[in-house]
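Let me begin by presenting the structure, written as structure tokens, before commenting on it.
The figures here come from the full heavy-atom set of this structure, side chains too, leaving out hydrogens, waters and symmetry mates.
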Amino acid sequence: MLMAVLISLPSPALAEAGISYPPTRRMDLVESLHGVQVADPYRWLEEDVRQSKEVADWVAAQNKVTSSYLSAIPEREKIRKRLTELWDFAQYSSPFKEGGRYFYFKNDGLQNQSVLYVMDSLDGEARVLIDPNTWSPDGTIALSGVVPSEDGKYLAYGVAEAGSDWTTWRVLEIASQKPLPDELKWTKFTRAAWTKDSQGFFYSRYDEPQKGAEFQVQNLNNKLYYHRLGRPQSEDVLVYYRPDHPEWMYDATVSDDGRWLVITTARGTDEKYRVTVKDLAEPYAMPVELIDHFDHEFTFVGNDGSVLYFQTDADAPRRRVIAIDLTKPQRAAWKEIIPQAEETLQQVNVVGDHFVAEYLKDVKPQVKIFTMDGRFVREVQFPGIGSAAGFGGRRSHTETFYSFSSFATPPSIYRYDMLTGESRLIRRSEVKFNPDDYEVKQVFYQSKDGTRVPMFISHKKGLKLDGANPTLLYGYGGFNISLTPTFSVGRLMWMELGGVYAVPNLRGGGEYGKPWHDAGRLLNKQNVFDDFIAAAEWLIANRYTRPDKLAIQGGSNGGLLVGAVMTQRPELFGACLPAVGVMDMLRFHKFTEGRLWVDDYGSPDDPTQFKVLLSYSPYHNIKPGTKYPATLVSTADTDDRVVPGHSFKFAAALQAAQAGEAPVLIRITTRAGHGAGKPTAKRIEEISDDWAFLVKNLRMTLP
């Protein structure tokens, strides 16, 4: 029911502190959900900022207050200048090879977007292939995926604007750098799967949404198409679509030999796939269902003729590699190639007639090489605690590339010889700091129910455990995603300011396989919050910090994490930085891709799952009269993954409820989205804001 309209006012304590929040209209809206009366006083803030003047005015007013507060922090400019200095170094991606050419990304330092380069040989002259910095003056149009054809003649590339997930695909002739007229619109989370003849590729897309609804409408009726070069998108051939299941999504891969189109169908984010195979050698061949259920993960790895290799968690919660012969695809005939190990298998590629299997061993990288019949050959050695990424290529390649980095170790790029097992350093990032001044360690602590949880801690050497160190605890805990130590200029800056940086590997992630993921999702989601709270308590008990010096941070699902724990234990933290978070757990499934998250969160439409969702939903668990920590909520106006209404409603409710003097602010970035493709300039400004906010509210003294 909808009743009187009220205005929320700032508390007297906050007014005395010099912060006056913009008035926020409050609706007396109460719904009966599964017999429970649920208030939603700020639902009007869900409206698209581009479609609602009232929401746009609210955003402008909130940004004005936040900007005034942050700009008045004396240390902010010093932080921004040092962060800019640290950021100004040449940054490279690992090379990848196709058609005898090498491709890589490079950012000279402060370029808003990284530039795609191509070389004819590894030690040859590099030339610019695509420079997205020329596409917009503010750097908000980004390159969102590149896929060369196998012969190296063409490049399909995605273009995304203002951080949106919507991507337009185009094609470039590599030798001449001539753009072709091809333009494929209304795609999300797809890639181009080239056919062997390089005359076209498979991709998935959605129907064009109604004008004005592009950033909020649910994404349904995904379809797989084949696009032939030079033809308009309207002539693309529909390859696979199940109208009886509008929620299904499709991804396509063409086998290295060009024979098989492998279609992976998903209905959510839980990595449980159906698999459909089409014989591309037979023009009239129909797609054949190979895996006709969503019981397990089946990720296509490669093939030997009619034998297809898959990474799977079927009968292997930490994953294994199996072979399925298309001539006898029955489960009884499946062959195990690489058995499940004690470590968690993360990814498998076929390079140089070998399997390259990437594992996590207590959240540290372990890469093993196997023959095609599953015999162990060797292990790749790494220099310490950190993250390794790369190891891509084709079966015919004799080399692959990878990068290694850690919290205090900038990325180094290596060439790995598949024949000899030799790793050769080809590039090392040169950042203006001394890595030897810092240390990274891993500890283990007990969560509320006794579960042993790992955590990485990084800081300057010589840290005194006196309980007075400003500490930033960062977490995620969901969607089977693993957090490993990677290099970030922002994190380095935090440690340079004297801060401790801690990352626990919460349940809900993928660090220990399916059981670890399952223990932190659906009805078990509270375990994630308990793990995070236990990490905070461990840091306090071991005298790294104390509550008024402890900040927490997370983005997206990590934003939900921060919102949940700060409403459950507000006294435990001195400051909170929830970014692009899922804050309304009763309506997340009604916007864009939100319905997919039901796999991890559960459905608000299910009475049992609704009860659990309501118990921790950040927006619904804010209690008036509570002293909440200093909070800087972050979102963006073009976030079409976690729509900004989540953060708007949470910030409005928190401002109205705050009984303490700590500020509750929201920063809404314009022409930006969930995070991908964000220009360097915007990233530097946002991190400067975050660290300045923490310096002030944790009462830090800059070194």
Side-chain angles (χ1 to χ4, degrees), residues 8 10-11 14 19-22 24 41-43 45-46 49 55 58-70 73 163 472-476 551-568 570 573-585 587-588 616-623 626-639 641-658 660 662-670 672-675 678 682-683 685-694 696-698:
S8 62
S11 71
L14 286 167
I19 299 173
S20 179
Y21 300 131
T24 302
Y42 302 108
R43 183 173 297 180
L45 283 168
E46 291 178 354
V49 68
V55 175
W58 183 87
V59 165
Q62 291 285 348
N63 269 343
K64 184 177 179 180
V65 170
T66 301
S67 178
S68 176
Y69 178 89
L70 294 171
I73 298 173
L472 181 60
L473 182 64
Y474 178 90
Y476 189 80
I552 52 175
Q553 182 185 40
S556 193
N557 175 70
L560 158 64
L561 169 69
V562 172
V565 299
M566 68 176 283
T567 52
Q568 292 181 13
F573 313 108
C576 303
L577 301 174
V580 293
V582 189
M583 299 304 197
D584 184 341
M585 300 309 297
R587 289 176 59 79
F588 69 88
Y616 68 78
S617 177
Y619 173 59
H620 297 95
N621 283 279
I622 295 171
K623 297 176 178 62
T626 302
K627 291 184 178 181
Y628 286 104
T631 303
L632 178 58
V633 181
S634 298
T635 188
D637 62 353
T638 318
D639 189 344
R641 193 174 309 178
V642 179
V643 293
H646 281 279
S647 294
F648 294 173
K649 291 166 65 175
F650 180 74
L654 199 62
Q655 286 179 350
Q658 176 66 299
V664 173
L665 304 172
I666 181 169
R667 178 187 55 217
I668 304 109
T669 306
T670 56
H674 200 61
K678 186 171 289 183
K682 286 184 183 290
R683 293 166 67 193
E685 291 300 318
E686 289 180 5
I687 296 170
S688 299
D689 285 346
D690 287 343
W691 292 175
F693 186 81
L694 295 187
K696 180 176 177 65
N697 288 284
L698 300 184

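Shown here are the side-chain hydrogen bond (donor to acceptor under 3.5 Å, both in side chains) partners of Tyr619, two or more places apart in sequence or in another chain: Asp40. Shown here are the salt bridge (charged side-chain N to carboxylate O under 4.0 Å, His left out) partners of Glu46, two or more places apart in sequence or in another chain: Arg587, Lys649. Residues satisfying the side chain to side chain contact (heavy atoms under 4.5 Å, CB included) criterion with Asn63, sequence neighbours excluded, are Val59, Ile668. Lys682 pairs by the side-chain hydrogen bond (donor to acceptor under 3.5 Å, both in side chains) definition with nothing, not counting sequence neighbours. Listed by chain and residue number, Val633, Thr635, Ile666 satisfy the side chain to side chain contact (heavy atoms under 4.5 Å, CB included) test with Ser647 (two or more places apart in sequence, or in another chain). Considering only residues two or more places apart in sequence or on other chains, Phe573 meets the ring-ring contact (aromatic ring centres under 6.0 Å, His included) condition with none of them. With sequence neighbours left out, Ser68 forms a side chain to side chain contact (heavy atoms under 4.5 Å, CB included) with no residue at all. Considering only residues two or more places apart in sequence or on other chains, Tyr628 meets the ring-ring contact (aromatic ring centres under 6.0 Å, His included) condition with none of them. For Thr567, there are no side-chain hydrogen bond (donor to acceptor under 3.5 Å, both in side chains) partners at least two apart in sequence or on another chain. Not counting sequence neighbours, the partners of Phe588 by the ring-ring contact (aromatic ring centres under 6.0 Å, His included) test are Tyr601. The side chain to side chain contact (heavy atoms under 4.5 Å, CB included) search around Asp689 returns Leu70, Arg76, Arg667, not counting sequence neighbours. Taking the salt bridge (charged side-chain N to carboxylate O under 4.0 Å, His left out) definition, one finds that Lys696 meets it with nothing, sequence neighbours left out.
In this structure, OH on Tyr42 lies 15.0 Å from CZ on Phe648, to the nearest 0.5 angstrom. From Leu560, atom CG reaches atom CZ of Phe650 across 10.0 Å, with rounding to the nearest 0.5 Å. If you take CG on Leu632 and SG on Cys576, they are separated by 10.5 Å, rounding to the nearest 0.5 Å. Distance CD/Glu685 to OG/Ser688: 5.5 Å, rounded to 0.5 Å.
Heavy atoms only, all atoms of each residue included: Gly554 and Tyr474 are closest at CA-CE1, 4.1 Å. Minimum heavy-atom separation, Pro618 to Ala564: CG-N, 3.7 Å. Smallest separation of non-hydrogen atoms from Ser20 and Val65: O-CG2, 3.7 Å. Here the closest heavy-atom approach between residue Val642 and residue Ser556 is recorded as CG2-OG, 4.0 Å. Nearest heavy-atom pair across Leu694 and Ala551 is CD2-CB, 3.7 Å. Shortest non-hydrogen contact noted between Pro629 and Met566 is CD-CE, 4.3 Å.
Annotation: side chain of Tyr21 is in contact with side chain of Leu665 (closest heavy-atom distance under 4.5 Å). Side chains of Leu472 and Trp691 form a contact here, defined as non-hydrogen atoms less than 4.5 Å apart. Side-chain contact check for Met583 versus Pro578: some heavy-atom pair is nearer than 4.5 Å.
Within the 3.5 Å criterion, the main-chain N or O of Asp584 finds a donor-acceptor partner in the side chain of His646. Proximity of a side-chain donor or acceptor of Thr626 to a complementary backbone N or O of Lys623 within less than 3.5 Å is detected. One N or O on the side chain of Gln655 and one on the backbone of Val664 form a donor-acceptor pair closer than 3.5 Å. Using modelled atom types, no side-chain atom of Ser634 and backbone atom of Ala579 make a donor-acceptor pair closer than 3.5 Å.
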How far apart are the C-alpha atoms of Thr669 and Glu686, what are their side-chain angles, what is the distance that settles it, and do they pass the side-chain hydrogen bond (donor to acceptor under 3.5 Å, both in side chains) test? CA-CA 9 Å; Thr669 306; Glu686 289 180 5; 2.8 Å; yes

Under the side-chain contact (heavy atoms from CB on, under 4.5 Å) rule, what do Thr631 and Leu654 come out as? Steps first, then yes or no, please. CA-CA 9 Å; Thr631 303; Leu654 199 62; 4.0 Å; yes

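Side-chain contact annotation: Asp639 with His674, donor-acceptor N/O pair under 3.5 Å present.
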